[in-house]
Number of protein chains: 2
Amino acid sequence: MPWMPTPTNAPDRGGRPAITSARHLAEVAQALFVEHGFEATSVDDITAAAGVSRRTFFRYFSTKADVLWVESAAELGRFRELLAGASRDEACRDVLCRTAPAALHHPPEEHTWMLHRAQLLLTVPAVQEKAAPRYARWREIATEFVAARRGTGTDDLVAIAAGHAVLAATLGAHQYWIAHPGEDLKNLHERFLRLLIPDV
Amino acid sequence: MPWMPTPTNAPDRGGRPAITSARHLAEVAQALFVEHGFEATSVDDITAAAGVSRRTFFRYFSTKADVLWVESAAELGRFRELLAGASRDEACRDVLCRTAPAALHHPPEEHTWMLHRAQLLLTVPAVQEKAAPRYARWREIATEFVAARRGTGTDDLVAIAAGHAVLAATLGAHQYWIAHPGEDLKNLHERFLRLLIPDV
DNA sequence: CAGGTTATGGCACGGTGTGCAGTAAGTCCA
DNA sequence: TGGACTTACTGCACACCGTGCCATAACCTG
């Protein structure tokens, strides 16, 4: 089991204070990615800019691309909580169309950060590669919700299809967004969801 | 520009005959993947089993995972041709539901090979990573078809959504299939497509 | 046999990611 | 003050991936 720095919300049990943080490394890294490109930026470049050793970087992130997913755990958690909190009176499809965009909501000051992230995620092959496990989690959460609503297992055909539809809509909305950054992402996301989620 | 062996359909202009082939390397590699796992199989293991040098392997495939996509170019080509040959009398949605499964059709003797491939593609993270560019091509072909039918550009919202729907249905069908290998993939594929492609 | 063409082999190199051992910097307690 | 404990950072060696470069092997035609 690899060692990992204790998360910031853990109780302080003494020990050497952290000289850096996942968030700090992620910001330094993303800035370099935007400036020089993902592949042209080596981990050594990132650690040099952040004033940390190469080995330390890999304690915070298991791969170079993972810095682009600092927010992933929070987004997935919000999605799961919003689904769990939905009333059973609200139609399955409506719940998904409402909660998925809400789970990805970020304050306006992070708008350009999100746009940069979306551009990297959808256009740089080396980054797209690392996205698969995150996409899978996003899809699974939707599938589990639909399966629970339908009283089936997660290997139900309709539940699987719905999970893929939610992911497809999310990716489609972001793809459209980076081509039309003036539009409202949340609104786009909902339109794609309404188009793609089957009416079940 | 990296050097590449001439494809088998090229005219013979003399020169040293190839000691191996992409197909042979792919078969050796996939067998090792199935037996020992993808990550536990190094390129050295593959080349040792195939009786070629490490350098030669990278002339046929640019990455280790690419051996799982030997058929990709042919499948994409079939999809594009089938779409191009469709009558304009046939509804857009019907064309997609018919051609996508047909483009992925393989003879029965390759059934287990396809199943192994699907299992590796959908369950091994290191393999899923390399899938992104292939998925993107598959999606683009569908998007281009829908955009042409609608008389719009490929940045049309509905065309983008349709492209994502086709990909989602393809992945969903394979996911369902590896959990229920007794079912007919072609039939499953069509059902997922009918569920997910919006009626436009 | 010479000259052209194509495939394979060997080697060095930069980059990623991991395991391990050591050290630095805090807290707590006697 | 001085340990003992805890946690975080560093350095190094290593396996693997993927690439560029050059040499060499094996076939063709004249």
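Below, chain A is the first sequence line, B the second, and so on; all start at residue 1.
In terms of polar N and O atoms assigned as donor or acceptor, the side chain of A/Arg55 never comes within less than 3.5 Å of the base of C/dG17 in a complementary pairing. No hydrogens or angles were tested; on distance alone, a donor-acceptor pair under 3.5 Å links the side chain of A/Arg54 to the base of C/dG17. Interface remark: the B/Arg59 side chain does form a donor-acceptor pair with the C/dG9 base, using a distance-only criterion of under 3.5 Å.
Across every non-hydrogen atom of B/Ala102 and B/Leu82, the tightest pair is CB-CD1, 3.9 Å.
Map B/Thr20 and B/Gly15 each onto its nearest nucleotide of DNA chain C; the residue landing nearer the 5' end is B/Gly15. Residue-to-nucleotide proximity on DNA chain D shows that, of B/Asp44 and B/Pro17, the 5′-proximal contact is made by B/Asp44.
Look at CZ on A/Arg16: it is 10 Å from P on D/dA8, rounded to the nearest Å. If you take CD of A/Glu39 and C1' of D/dT19, they are 13 Å apart, rounded to a whole angstrom. Rounded to whole Å, the distance from NZ on B/Lys130 to C1' on D/dC17 is 9 Å. The distance from atom NZ of A/Lys64 to atom P of D/dG18 is 14 Å, rounded to the nearest whole Å. Between the P atom of C/dC11 and the CZ atom of B/Phe57 lies a distance of 20 Å, rounded to the nearest Å. The CG-P distance, from A/Asp45 to C/dG14, rounds to 14 Å in whole Å. Residue B/Ile19 contributes atom CD1, which lies 7 Å from atom P of C/dT8 at whole-angstrom precision.
Taking every side-chain heavy atom of A/Thr63 into account, C/dG17 is the closest of D/dG11, C/dG17, C/dA7. Checking D/dC17, C/dG17, D/dT10 against every side-chain atom of A/Val52, the shortest atom distance belongs to D/dT10.
Between the side chains of A/Thr41 and A/Asp45, no donor N or O sits under 3.5 Å from an acceptor N or O. Checking A/His164 against B/Gln175 by side-chain atom types alone, a donor-acceptor pair falls below 3.5 Å.
Using a 4.0 Å cut-off, some side-chain N or O of A/Thr56 falls inside it from OP1 or OP2 of D/dT10. At C/dA7, none of the side-chain N or O atoms of B/Tyr60 fall inside 4.0 Å of OP1 or OP2 (strictly under the cut-off).
Contacts of B/Ser42 with the nucleic acid, taken as non-hydrogen atoms under 4.0 Å apart, involve only primed sugar atoms and P, OP1 or OP2.
For A/Glu81 and A/Arg78, the salt-bridge test fails: no basic side-chain N is under 4.0 Å from an acidic carboxylate O. Salt bridge A/Arg134/A/Asp66: present, at least one basic N to carboxylate O contact under 4.0 Å.
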